[in-house]
There are 2 protein chains.
Amino acid sequence: MARRNDKRSRLVTAADKLFHEQGVSTTTLANIAQLADVPLGNVYYYFKSKESIVLAVIDYRRKLIQAQFDELNGIDSTLVRLQTLVRQTTAHSEQTANFGDALGSLCQELGKQGGQIAAAAADLMQEIMNWCEKQFVSLGKGEKAKQLAMILLSSLQGISLLTLTFKNATYTNQQADYLVNWLETV
Amino acid sequence: MARRNDKRSRLVTAADKLFHEQGVSTTTLANIAQLADVPLGNVYYYFKSKESIVLAVIDYRRKLIQAQFDELNGIDSTLVRLQTLVRQTTAHSEQTANFGDALGSLCQELGKQGGQIAAAAADLMQEIMNWCEKQFVSLGKGEKAKQLAMILLSSLQGISLLTLTFKNATYTNQQADYLVNWLETV
DNA sequence: GTCTATAGGCAGATAGAC
DNA sequence: GTCTATCTGCCTATAGAC
């Protein structure tokens, strides 16, 4: 059972990395199996199709984001909590310059295809949106909280795309500075 | 010669549509040929590879954007010029909800692969960035013009992604309202 | 549970008749 | 210039030995 989970999780993290770096459709099961050091045919013992691997990756992403929120929720000040979320994006700005934002890429690629997979990725983005909205409510923004969450999230996603496009991590870092200030004036 | 250009341009517009709706890597030459009503084998008389079709599509996108800027440049007020750019995004908000932003999708998908194609798509995004920066300079924003262009463009790209993700054109429309006001307070 | 071998299909690209 | 037929290789998925 330990070994089963071990191979399964190795496949998921390998798929997550490759989906982020190359995109879902250009990543083959052979790529994933090789990176996870699992024989190709064995992949189908753990996942019945490529689609189910994508779902497992989205679930893995959900856990990563949940852990991030658990950490953020430990911060007393709501303003600092939001500012820390923004600051955290700069930690991977080099990775963003090379491959973009992992969730944003998934939503962009899968969103067009529609179906169950797109919905699963959208759910995850919605969770982030909800968390942000909750923070703005906590800041007393009331009815404006939803729109503020939309502005913040779209700014973060947009700058990730520009950072990837221009292959320049500085964009993410500058935007983070701007947004940290913006949060204080909102 | 007329026929040559006719088939060629039919292939380019078909590819442009399919790349936008399905993504580049999932679109096959057979898909493009069928939509353009050109036999599959004949595609290679006009393009030596799929990659060269992608480059032609980016070039086609460049002309579309150039035409858009030609129109915008006819507007006297710089502020109204920028506001019109923002308002224009709402014209395709339904399409955005289904397939995202055409150029943004290209940059997202191709950006990871790197190489000549990614650079061509980035060039196009840079042209938009430059145009926006020029407007902010014209508004007397001086050194801040570059950052303001970045903020505007990332907001537009980010909201396109969220509009696609949540399959809701309202996001684009609300963000346009917000940005039109923001432009006045900047 | 694990892995090899391979089926079956479709992709990009080419050859060559017309 | 145009189009049919096809090559070659890779991809997802399965069969079945161990």
Side-chain angles (χ1 to χ4, degrees), chain A residues 1-58 106 109-110 112-118 120, chain B residues 1-58 105-106 109-110 112-118 120-121:
Chain A
M1 194 49 123
R3 289 173 80 193
R4 176 192 159 105
N5 287 335
D6 184 50
K7 282 201 183 176
R8 203 193 126 94
S9 73
R10 250 156 54 210
L11 285 166
V12 171
T13 53
D16 177 67
K17 179 174 159 73
L18 291 169
F19 289 169
H20 184 195
E21 295 183 356
Q22 314 181 340
V24 174
S25 63
T26 56
T27 297
T28 68
L29 294 176
N31 293 152
I32 298 168
Q34 187 178 21
L35 184 61
D37 200 29
V38 169
L40 176 57
N42 202 356
V43 171
Y44 286 89
Y45 176 74
Y46 298 97
F47 301 97
K48 75 173 207 291
S49 64
K50 185 177 178 181
E51 197 171 297
S52 68
I53 296 185
V54 177
L55 287 173
V57 165
I58 292 171
L106 284 175
E109 184 174 0
L110 303 175
K112 308 187 177 215
Q113 341 247 55
Q116 186 195 3
I117 301 198
Chain B
M1 196 48 127
R3 289 173 79 192
R4 176 195 159 102
N5 288 334
D6 184 50
K7 282 201 182 175
R8 203 194 124 96
S9 73
R10 252 157 51 212
L11 285 167
V12 171
T13 52
D16 178 67
K17 181 175 157 72
L18 290 169
F19 289 170
H20 184 195
E21 295 184 357
Q22 314 181 341
V24 174
S25 63
T26 55
T27 297
T28 68
L29 294 176
N31 292 154
I32 298 168
Q34 187 178 20
L35 183 61
D37 200 30
V38 169
L40 176 57
N42 202 355
V43 171
Y44 287 90
Y45 176 74
Y46 298 97
F47 301 97
K48 74 173 208 294
S49 65
K50 185 178 179 181
E51 196 171 298
S52 68
I53 296 185
V54 177
L55 287 171
V57 165
I58 292 171
S105 299
L106 284 175
E109 183 174 359
L110 304 174
K112 306 183 179 219
Q113 341 247 55
Q116 185 194 2
I117 301 197

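- Between atom CG of residue Asp16(B) and atom CG of residue Leu106(B) there is a gap of 7.5 Å, rounded to the nearest 0.5 Å.
- Note on residues 24-33 of chain B: pairs passing side chain to side chain donor-acceptor pair (under 3.5 Å), not counting sequence neighbours, are Ser25(A)-Ser25(B), Gln22(B)-Thr27(B), Ser25(B)-Glu109(B), Thr28(B)-Asn31(B).
- Residue Ile58(A) holds its CD1 atom at 12.5 Å from CD1 of Ile53(A), rounded to the nearest 0.5 Å.
- Not one side-chain nitrogen or oxygen of Tyr44(A) sits closer than 4.0 Å to the OP1 or OP2 atom of dT14(D).
- Of all nucleotides listed (dT12(D), dA13(C), dT2(D)), dT12(D) comes nearest to the side chain of Leu40(A).
- Relative to the side chain of Lys50(B), the nucleotides dT2(D), dA13(C), dT4(D) differ in distance, and dA13(C) lies closest.
- At the heavy-atom level, Thr26(B) lies nowhere under 4.0 Å from the strands shown.
- Leu18(B) places its CG atom 16 Å from the C1' atom of dG12(C), with the value rounded to the nearest Å.
- The distance between atom CG of Asp6(B) and atom P of dG1(D), rounded to the nearest whole Å, is 13 Å.
- Between Arg8(B) and Phe47(B), the shortest heavy-atom distance links the atoms NH1-CE2, 3.4 Å.
- Annotation: of the two residues near DNA chain D, Asn42(B) and Leu29(A), the 5′-most nearest-nucleotide partner is Asn42(B).
- Between the CG atom of Asp37(B) and the C1' atom of dC3(D) there is a distance of 13 Å, given to the nearest Å.
- The OH atom of Tyr45(B) sits 19 Å away from the P atom of dG16(C) (whole-angstrom rounding).
- Rounded to an integer number of Å, the gap from CD of Gln22(B) to C1' of dA11(C) is 14 Å.
- One can place CZ of Arg8(A) at 13 Å from P of dT2(C), the figure rounded to the nearest angstrom.
- A sub-4.0 Å separation between OP1 or OP2 of dT2(D) and a side-chain N or O of Tyr46(B) is present.
- The two residues Pro39(A) and Ala33(A) make their nearest non-hydrogen contact at C-CB, 4.3 Å.
- Side-chain proximity of Thr28(B) to the nucleotides dA13(D), dA13(C), dA11(C) is greatest for dA11(C).
- Atom CD of Gln34(A) is separated from atom C1' of dC3(C) by 16 Å (rounded to the nearest Å).
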